[in-house]
Novice: 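Take this structure, written in structure tokens, and hold onto it; I'll ask about it next.
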Amino acid sequence: MKVFLMFEKDNFETRKKLLPNSAALVQDLELGTLFATMASGDEFIYKIAKEALLSGTFNDIETILYRQDILKDSIENQLVVREIYRLSTEALLSRNEHWWFLSSSPSSVLYSSIASLKDLLGYLKQLKALADEHASHFQSKGFSRFFAMLQKELDEDFMAEAWKHIKELEFHDGALFNTQLGKGNKGYPYQLCKLPQQKQGWVQMLFPRKKPGYTFNVHPRDESGARALREIKDEGVNVVANALAQSMEHIFSFFSMLKTEIAFYTGCLNLHGQLASLGADCSFPQPLPGHLRTHVFRGLYDVSLALAMKQKVVANDAIAENKNLVIITGANQGGKSTFLRSIGLAQLMMQCGMFVPAASFSANTCSQLFSHFKREEDSAMNSGKLDEELSRMSSIADNLSSHSMILFNESFAATNEREGSEIGRQIVNALIEKGVKVFFVTHLYDFAQSFYVRKLENALFLRAERQADGARTFKLVEGEPLQTSFGKDLYNKIFDNPDAGI
């Protein structure tokens, strides 16, 4: 049985491939807050949420839309989805309840497998009952196929046959073996046979015929005889014990796949609930082909910031059609870095099939997502800050692929403005020539202005809004780069108001 809730024709575990700069993305985009909210205390969901988001850029548009439909179903049927996650979790935990049966002997393997299969059949029966009751409420291709598979594979005939075989393998009526005499008059090979199913009338039951052959009884205190019988039984049940163990592992594998894939949607439900409690918008985005260069959105916000602050935060709108360079400038502490994070978070969420933190959102997919944010000074003094930035840029360049996207946050500002601007210019020019999409937050006026005066049709310039009295709205508007970042506003705020701190 297959699950197919993450990919239409494959399992999530076999297609999982994380971005090469995953650690940097987690740090720069503050993804830990997002993962923790999705997990809601469940370490397994945290792991799957992390893997799903950091492998999302490898998904094609069909996979994104496939998951979106499944997630829409999940939101409409939350109790059913959470129940599936609970059942799959409990089914996997049931293995530990029969640990005392585990040993290398065929008989122990047989009895352990029987005990586990009894539990697993119970969980399969509950899954089937969910499918029978709720399948009609799901519209997505993924869930419809999943429930149809449960109803087909776990019908009454299958369950009856499974319980029949388990009852036979418990050997309540004894075990029948067939063998031949081998070397040293030892039996070889032993073959388990099916007990004859003969219906007897009351006369035969009262006066049973004498069975042909010879019998012997082992004395209760004959340890050697009992050991010999156990060895004979182990020889006879070896093949069926292995087959039963494989069947058990097959069902455990099914529940493991089910838990893995339904964990992603359970995490999405946890996040959706938190955002709804904050009154924050979320919507299903429209993914566009990677060769396009489009970012059009309304009400986009930094979801990690909203979750950390436990309240709605300022959102932004933008229309960037046929643009592969977006340069963001403006006042200090005006929301530029927050906006950059919102772009990266929405991209990852869109490409793994989730909703995004916006009233509406449409963007082209990217083959890889990279972040290049400023870092603290190297305390070990192994290299200068600029050297460290260039080293990280070199690592990104080594892993770039066509249709990648890079988020720069105040990069190359560790040196003087002239040198930093020249480094940034050369790097950005090379990237956009190769079709890489670039978002660049900067205070380097020379760098930003040099692109602005070229009147590039593929470039968009945004500026952090500042009111006449110096107040920040944390909104971004289209505008020409300015020579000042209004650091004086911060100085006055701090020293005119000592309680603000430094």
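Remember, it's a predicted structure, so these values are computed and weren't measured experimentally.
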Novice: Is E90 salt-bridged to R86, going by a charged N under 4.0 Å from an acidic O?
Specialist: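 Yes, charged N to carboxylate O under 4.0 Å.
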Novice: The criterion is side chain to side chain donor-acceptor pair (under 3.5 Å); which residues satisfy it with Q351, sequence neighbours excluded?
Specialist: Q347
Novice: Evaluate the side-chain contact (heavy atoms from CB on, under 4.5 Å) criterion for residues L345 and S304: first the C-alpha distance (whole Å), next the side-chain angles of each, then the deciding distance (0.1 Å), finally the verdict.
Specialist: CA-CA 8 Å; L345 286 163; S304 292; 3.8 Å; yes
Novice: Taking only residues two or more places apart in sequence, or in another chain, which ones meet A315 in a side-chain contact (heavy atoms from CB on, under 4.5 Å)?
Specialist: Y301
Novice: Any side-chain donor-acceptor pair under 3.5 Å between Q139 and D69?
Specialist: no
Novice: How about K437 and H403: does a side-chain donor come under 3.5 Å of a side-chain acceptor?
Specialist: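 The criterion, which ignores hydrogens and geometry beyond distance, is not satisfied for H403 and K437.
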Novice: Hey, are D119 and S94 close enough side-chain-wise for a donor-acceptor pair under 3.5 Å?
Specialist: no
Novice: F451: which residues meet the ring-ring contact (aromatic ring centres under 6.0 Å, His included) condition with it, sequence neighbours left out?
Specialist: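 For F451, the residues satisfying ring-ring contact (aromatic ring centres under 6.0 Å, His included) (neighbours in sequence not counted) are F447.
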Novice: Measure across S22 and L19 and return the closest heavy-atom pair with its distance rounded to 0.1 Å.
Specialist: OG-O, 2.6 Å
Novice: Just checking F361 against H295, ring centres under 6.0 Å apart?
Specialist: yes
Novice: Can you tell me how far the CG atom of D28 sits from the CZ atom of R341, to the nearest 0.5 Å?
Specialist: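 Going from CG on D28 over to CZ on R341, the span is 9.5 Å.
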Novice: Can D302 and T338 be counted as having a side-chain donor-acceptor contact under 3.5 angstrom?
Specialist: no
Novice: Apply side-chain contact (heavy atoms from CB on, under 4.5 Å) to A263 and list each qualifying residue two or more places apart in sequence or on a separate chain.
Specialist: F44, I45, I48, Y85
Novice: Using ring-ring contact (aromatic ring centres under 6.0 Å, His included) as the criterion, list what pairs up with F370, not counting sequence neighbours.
Specialist: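 Expected list: none.
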Novice: Under a 4.0 Å N-O cut-off, is there an ion pair linking R392 with E388?
Specialist: yes
Novice: Without placing hydrogens or testing angles, list every side-chain donor-acceptor pair under 3.5 Å for residues 271-288, not counting sequence neighbours.
Specialist:
unit_1	atom_1	unit_2	atom_2	d
S277	OG	Q274	O	2.6
S283	OG	A358	O	2.8
S283	OG	A359	O	3.4

Novice: Can the positive tip of R67 be found less than 6.0 Å from the middle of the six-membered ring of Y265, inside 45° of the ring normal?
Specialist: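 No, a cation-pi geometry is absent between R67 and Y265.
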Novice: Charged N to carboxylate O below 4.0 Å: is that the case for E51 and K47?
Specialist: yes
Novice: Step by step, work out the side-chain hydrogen bond (donor to acceptor under 3.5 Å, both in side chains) result for D60 and T63.
Specialist: CA-CA 5 Å; D60 54 28; T63 297; 2.8 Å; yes
